[in-house]
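What's counted below: heavy atoms across the whole structure, side chains too, no hydrogens, waters or symmetry copies. In what follows, chains carry the letters A, B, and so on, assigned in the order in which the sequence lines appear, proteins first and then strands, with residues in each chain numbered from 1.
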Number of protein chains: 2
Amino acid sequence: MRRMTARPANAHQARLLRLLRDGGPNSRAQLGDQVDLSRSKLAVEVDRLLETGLVVADGLAASRGGRRSHNIRLAPGLRFLGVDIGATSVDVAVTNAELEVLGHINQPLDVREGPVAVFEQVLAMAAKLKASGLAEGFDGAGIGVPGPVRFPEGVPVAPPIMPGWDGFPVREALSQELGCPVMVDNDVNLMAMGEQHAGVARSARDFLCVKIGTGIGCGIVVGGEVYRGTTGSAGDIGHIQVEPDGRQCACGNKGCLEAYFSGAALARDAEEAAREGRSDELAALLEGAGKLSAADVAVAAAAGDATALDLIREGGNRTGQVIASLVSFFNPGLVVIGGGVTGLGHTLLAALRTQVYRQSLPLATGNLPIVLGELGPTAGVIGAARLISDHLFSPA
Amino acid sequence: MRRMTARPANAHQARLLRLLRDGGPNSRAQLGDQVDLSRSKLAVEVDRLLETGLVVADGLAASRGGRRSHNIRLAPGLRFLGVDIGATSVDVAVTNAELEVLGHINQPLDVREGPVAVFEQVLAMAAKLKASGLAEGFDGAGIGVPGPVRFPEGVPVAPPIMPGWDGFPVREALSQELGCPVMVDNDVNLMAMGEQHAGVARSARDFLCVKIGTGIGCGIVVGGEVYRGTTGSAGDIGHIQVEPDGRQCACGNKGCLEAYFSGAALARDAEEAAREGRSDELAALLEGAGKLSAADVAVAAAAGDATALDLIREGGNRTGQVIASLVSFFNPGLVVIGGGVTGLGHTLLAALRTQVYRQSLPLATGNLPIVLGELGPTAGVIGAARLISDHLFSPA
DNA sequence: GACTCTTTGTCCTGTGACTGGAGAAAGTCG
DNA sequence: CGACTTTCTCCAGTCACAGGACAAAGAGTC
């Protein structure tokens, strides 16, 4: 199949494509209700879109008491590739034009091996998805990386946990390899976009999306648009200082939030507690696996282990203090918690909420939901697909 | 003179009005270079604006080698009223349509006396400016208040330092009294708009404006637009906790930034130091006046008083920690420091910079200027005039 | 089955927005 | 005084768009 070549010729067409993406198949009449255009003008633009092949008219809908309508939908063969590169694993998924996940693979990975090795793996995963018959090719790809990105160029800049990636032209290189348009963004921003598109943040305009995985980051959405900051490092809250002259952090500073709470810090603290004999539960888990992860702490906590619960509560308190500051500053309408440690579930959430509701002003917290993301690991890949579709579904 | 009755009929006219406001008088040809319109269309819109009386053509500019151009400018009789209500004083100014301050009055005030008493005073000040011949009437007024505002309605909500104002319909009441359109906003947001219009932030798109006066607040500008948050309390950083279980704050919580550094806290600490005999300089000032203010600390510091310098440094360090967090989170392109305590000058700035540059990631601080505002007390009133002119110079 | 009513989609014409060229007006410069 | 520039105006042609008329295709009613 020939890949998507055309782009919307004007803002009307872009609008229509996004409506079809977000609302599924629609008749011309239904589309007309959602855009501020006359039926005639709308028909013209729909016809032009049909000519380009971006949308198709297939079949007739059931009558609602009158003439049956044509189903207008995005071309069913369109495929987007969503890639979410984490510090220790990578998610690759294929979606259709409506951003529904058709296939999804997760594999372990060490991002420090550098872009060449990582992309080899990612391309192999993409090829696997293609081979399974889910896609004959990709019309676009969105890539998430765990660090700041100069967004317009799609190039990571000074990423602390992936030093070999600094300045690597991710967008250009992958665009060449995949033979389709590519957009690159911070993984946290993609999670925010994913939850906004298909998750808990569907109706939110100004919200924060805190991702606690190997590190901690925060996606910022202002007026429905991701805010990336002047140099692309906005939301980098992992290195906010929570303890003057505190624990040494990998970034070189002392007392960073990430040094106290994150997947990595939690695993380290749990191992220490196990070795020091403060928790039989954790010691048993350590015995079995040789090392511990945040998931092990979740298991121990679920079994009622007091030490594990304490670790979670303490980390949640620290993180909650930072979030409380951000809530005072940013006054969001919603805070979404996501990332690997969401397995810690209600214990974590309770600690976060306590801190935020206690420390921020009532006006800012009065009607502020703090909730877990509902998409889990698919948030990132859906966000990635959304990123590239937003790009492709806008006037050239 | 009849007041401004017309409003721009479309986006083109609004654009032209703002160009004339920000760039001063212009010929049709110069305007044509700045908007994406043909000369013919431009001429039509300019003619329509001339008909409404919003702009006038007065005189011919010097020739630049050809036919002399007509000077198109905003109607010279247009007058905006800018009001900046602080906790302990109020600024009222008149500007022309280009937002140049024609007259400016400052008076002490206690905002806790409530809206009725305050507006009586403000209206008297406005009348005084009118009586001095600067204005025959006002075409619009912008009002800044020291607390959160539900922006669309122009109503303060749950303002901690001015409880009597909660829910008072400021916009409606003043619009009635003044007989012109009124817009209301937080005083910190107005300062940010002022510095953006005519001060250090002229070319900044994403920046923070930290105002340290009786309290501490922060104006947030995203993409050139003020961000107000979900309930209008964005930027309320005075009650971020900087010390767990720390000093009691007026808001009811403990350890808030404002409890450690602000005009009020600084005055209190200085008085304490004077009474405890830790500073002869401050003791002498206290002797003379019976009480101390932030300005007294500035005087003592300028005279080399070690205790005063320490107070400033310590407060600057605390505030710098918070700003460092915000810089990591928001990644601004500029941080402006303003408000009453800017008299503390370089000592304060040095403390702030040290903290921010040490604690935030290099990517976020690499090219980040942290500077004092250059407009001083006029920032607020210029911002207020800008607020209402933005409103009036937009399509109805 | 004839009739009316509803819904959907197409066609056509009139209007207003806009562009770009021609040219007039008003100046400078050699 | 002519050549050239810059500014501004006028005009005709093009394009976007709205809205009405109408055709197509169905449901419901008697």
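A sub-4.0 Å separation between OP1 or OP2 of C/dA17 and a side-chain N or O of B/H12 is absent.
B/S40 comes within 4.0 angstrom of a base, heavy atoms only. Counting any heavy atom pair closer than 4.0 Å across all strands shown, B/K41 reaches a base atom.
Atom CG in B/L42 sits roughly 13 Å away from atom C1' in C/dT19 (whole-Å rounding).
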Going through the distances and angles, do B/V200 and B/F207 end up as a side chain to side chain contact (heavy atoms under 4.5 Å, CB included)?
CA-CA 11 Å; B/V200 286; B/F207 70 94; over 6 Å; no
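Remark: B/Y227 pairs with A/F330 by the ring-ring contact (aromatic ring centres under 6.0 Å, His included) rule, at least two apart or across chains. Scanning for salt bridge (charged side-chain N to carboxylate O under 4.0 Å, His left out) contacts around A/E98 gives an empty result, with sequence neighbours left out.
In this structure, B/R21 pairs ionically with B/D390, as a charged nitrogen and a carboxylate oxygen lie closer than 4.0 Å. Between A/R28 and A/D47 a salt bridge is recorded (basic side-chain N to carboxylate O distance below 4.0 Å). Note on A/R202 versus A/E374: salt bridge recorded, some NZ/NE/NH1/NH2 to OD/OE distance being below 4.0 Å. Under the 4.0 Å criterion applied to side-chain N and carboxylate O atoms, A/E51 and A/R48 are not assigned as salt-bridge partners.
For the pair B/Q30 (side chain) and B/S27 (backbone), a donor-acceptor distance under 3.5 Å is present.
Here the range on DNA chain D touched by chain A, meaning any atom under 4.0 Å from one of its heavy atoms, is D/dC17 to D/dA27.
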Protein proximity profile, nucleotides 25-30 of chain C - base contact B, sugar-phosphate-only contact S, no contact -, cut-off 4.0 Å on heavy atoms:
BBBS--
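Residues of residues 45-53 of chain A that place a heavy atom closer than 4.0 Å to DNA chain D do not occur. Listed in residue order, the members of residues 28-39 of chain A having a heavy atom less than 4.0 Å from DNA chain C are A/R28, A/A29, A/R39.
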